[in-house]
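Here is the structure we will look at.
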Amino acid sequence: MKKVTKAIIPAAGLGTRFLPITKALPKPMLPVLDKPTVQYIMEELKNAGIDDVIIVVSPGSEIIERHFSAAQELEKRLIADGKTELYDIARETCSFKVKFVEQKVANGLAGAILCAEKYIGDEPFALLLGDELLIPKEGGKGCISALKNIYESTGKSVIATMEVFGDDVSKYGNIGIKNENDGVMEVGAIVEKPALSDALSNNAIIGRYVLDGKIFSMLKTLKPRNNEIYLTDSLDELAKRGELLACTTEDYRYDVGDKAGYIKANVETALKSPEIGEEIKNYVIELAERIKA
Ligand code: UTP
């Protein structure tokens with residue numbers, strides 16, 4: 001069975017929910033505490049043993065490339081000042097093996113994936129949406145690592161899912177499940193953001209996938225709707241052929257492409273910080289008292 005050694009991070013969306021900051025700053029560079037969101041995703045991949053990564057960026061996103069390159073003047077200064085810990089933090093971002101490809105026009109997630117085809121060929125690949133953070137629980141190996149294991153033992157494409165209820169059902173791609181075995185579900189159909197009454201289940205698609213390379217030829221046949229081509233259309237085709245699996249994740253998930261999700265990710269990351277965690281905890285407790293009153 002083929003091994004999963006490559007990954008695509010689509011990060012070329014317009015980020016309109018975060019205007020005006022996304023006019024000049026690409027959304028993947030928005031910080032959660034002191035790191036851009038895209039660095040957390042690179043760390044997730046590193047933990048899963050996947051280090052051949054393609055980030056799909058929008059035109060004018062050179063700042064992302066700069067983040068993953070050396071900053072010689074800064075590094076020299078940190079060494080000269082004896083600030084070795086900060087030097088290591090600055091250098092760490094150069095340790096990721098990453099390539100960039102530009103998506104000239106934001107024509108949808110499927111369009112972004114097609115931009116990376118020449119780097120992937122017909123290999124299987126991990127797909128991690130640039131605006132979702134998945135943080136493993138204590139001792140957990142992480143979502144993408146679990147999906148990689150499922151692909152490598154079955155040879156079938158696999159997507160991560162979580163349970164959603166009420167109005168949230170219509171915010172996500174929705175999965176129809178044929179059967180489940182040991183936490184791994186066979187997917188029968190996919191519908192994109194259904195009305196609650198049309199939903200196939202309470203299982204929503206979240207932004208982690210391991211896909212077989214055959215998806216590229218399927219993506220090329222897609223017809224645009226609202227100027228975009230949709231990955232979910234090809235996933236539905238795979239599901240109907242009996243070639244798509246799904247698996248729930250135990251990880252904490254933050255939708256950092258959404259304002260509320262972004263703030264939650266920042267607060268929770270700050271609470272875990274050895275540097276400022278205690279101060280922020282006291283502040284959150286004091287704030288909760290204040291707003292309750
Ligand atoms: P979204 O549609 O959720 O995000 O795309 P967006 O378009 O960036 O943001 P809004 O909705 O305008 O605020 C999901 C993921 O797919 C990527 C995005 O960068 C995001 O990580 N994407 C989307 C692309 O890379 N290219 C596209 O054409 C569309």
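Note that this is a predicted model, so its numbers are computed, not measured. Keep in mind that the numbers below use all heavy atoms, side chains included, and drop hydrogens, waters and symmetry copies.
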Tell me, yes or no, whether the heavy-atom count around Glu286 atom CD, taken from other residues, nucleotides or ligands under 6.0 Å, exceeds 12. yes

Inspect the contact between Asp251 and Arg208 and indicate whether a charged nitrogen and a carboxylate oxygen are less than 4.0 angstrom apart. no

Tell me whether the guanidinium CZ or amine NZ of Lys6 lies under 6.0 angstrom from the six-membered ring centre of Tyr119 and within 45° of its axis. no

Is the charged tip of Lys264 near the ring of Tyr254: under 6.0 Å from the six-membered ring centre and within 45° of its axis? no

Determine, for Arg77 against Glu73, whether the closest basic-nitrogen to carboxylate-oxygen distance falls under 4.0 angstrom. no

Verdict with supporting geometry, Arg91 and Asp88, salt bridge (Lys or Arg N to Asp or Glu O under 4.0 Å): CA-CA 5 Å; Arg91 281 297 302 171; Asp88 290 343; over 6 Å; no

Find out whether the Lys NZ or Arg CZ of Lys272 is both under 6.0 angstrom from the six-membered ring centre of Tyr252 and within 45° of the ring's axis. yes

Check whether any side-chain heavy atom of Leu235 sits under 4.5 Å from a side-chain heavy atom of Tyr209, and report yes or no. yes

Atom pair CD1 (Ile159) and CD1 (Ile205), whose distance is rounded to the nearest 0.5 Å: 4.0 Å

Note, Tyr262 side chain near Asp131 side chain (heavy atom, < 4.5 Å): no

Please report the shortest heavy-atom distance between Lys2 and Pro124, naming the atom on each side. CD-CD, 3.7 Å

Hey, does Lys156 have a side-chain heavy atom less than 4.5 Å from the side chain of Leu238? no

